[in-house]
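Shown next, in structure tokens, is the structure this report addresses.
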Amino acid sequence: MRIGIDFDNTIAGYDTLFATLAEERGLFQNAPHDTPVGKRDLRDALRRRPEGELTWRRLQAEAYGGRMTEAELLDGVDRFIQACGQSGVAVSIVSHKTQHANFASDGTDLRRAALTWMEAHGFFDSAGLNLRRDDVHFENTRAAKVARIAELGCKWFIDDLEEVFSEPGFPITAKAVLYDPHGEDSVGSELLRCRHWDEIGGHVLGPQH
Ligand SMILES: [Mg+2]
């Protein structure tokens, strides 16, 4: 069995980093009590401003580029991937990530930044998560991402973005798990949603893993 996992905001967490970047730029210095908490709140708060979309895109380019080293490994994802290895379950990381950000000033290679971060967190160490570089796929579009998930024959796919599962071409043979740590996505859909990686492990690998 092979399972697939998204990368940004599913494996790597950026909430603290985005808060740091917003603070460094003084984006909420006039309204410290309204400072948004978490990536999505920050995005929504910025988008309500004139030019806010541009500000948001520049912050993203920094977080996923030059400041990527400060992203956090989300709690439990390492245990989950190691448990997959012990259970003989193959893991692929499938990420919609272009090589360069449109709004970056420094030309950072975003894929290189992500791989360097994975190396630093032991993703490719035999004593660590024990993945191979070949297990990591970066795609230029969401359509290419779901095509890759289909090609790999993933039996499960875990992502923080609901839109991935509704993208045309998402394989009907793959079971979807929405990683939703803040419980903030729209309710009412049939999607299996989990707030923690340990919960995902229970679904994918069984309660005894
Ligand atoms: Mg994501």
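Computed over heavy atoms, backbone and side chain alike; hydrogens, waters and symmetry mates excluded. Note that this is a predicted model, so its numbers are computed, not measured.
Both cation-pi conditions hold for Lys97 and Tyr64: the charged atom is under 6.0 angstrom from the six-membered ring centre and inside a 45 degree cone around its axis.
Checked options Ile3, Leu178, Ile11, Val164; the residue passing with Ile158 is Ile3 (criterion: side chain to side chain contact (heavy atoms under 4.5 Å, CB included)). With Phe7 as the partner, the ring pair (Phe, Tyr, Trp, His ring centres under 6.0 Å) test is satisfied by one option alone out of Trp117, Tyr179, Phe138, Phe123: Trp117.
Comment: Lys145 engages Asp159 in a salt bridge, judged by a side-chain N to carboxylate O separation of less than 4.0 angstrom. The existence of a salt bridge linking Arg57 and Glu53 is confirmed by a sub-4.0 Å separation between a basic side-chain nitrogen and an acidic carboxylate oxygen.
At a threshold of 4.5 Å between non-hydrogen side-chain atoms, the residues Met118 and Ile93 count as touching. In this structure the side chain of Val204 reaches within 4.5 angstrom of the side chain of Met1, judged on heavy atoms.
Of the inter-residue distances, the one linking Ser95 atom OG with His137 atom NE2 reads 11.0 Å to the nearest 0.5 angstrom. Interatomic distance, Arg112 CZ to Glu119 CD, rounded to the nearest 0.5 Å: 5.0 Å.
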>> Show, in sequence, the C-alpha distance, side-chain angles and deciding distance for Glu72 and Thr16, and conclude whether the side chain to side chain donor-acceptor pair (under 3.5 Å) test is met.
In response: CA-CA 8 Å; Glu72 304 162 284; Thr16 307; 3.2 Å; yes
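Under the side-chain contact (heavy atoms from CB on, under 4.5 Å) criterion, Ala150 pairs with Pro171, not counting sequence neighbours.
At least one donor-acceptor pair under 3.5 Å links the side chain of His100 to the backbone N or O of Thr108. Side chain of Asn140 to main chain of Thr98: no donor-acceptor pair is present (N/O by atom type, distance under 3.5 Å, no hydrogens or angles).
Checked by atom type, the side-chain pair His182/Asp41 shows no donor-acceptor distance below 3.5 Å.
At most 12 heavy atoms of other shown residues, nucleotides or ligands fall within 6.0 angstrom of atom CD in Glu51.
Listed by first and then second residue, the ring-ring contact (aromatic ring centres under 6.0 Å, His included) pairs involving residues 39-62 are Phe18-Trp56 (not counting sequence neighbours). Applying the ring-ring contact (aromatic ring centres under 6.0 Å, His included) test to every pair with at least one member in residues 143-167, sequence neighbours left out, gives these pairs: Phe165-Phe170.
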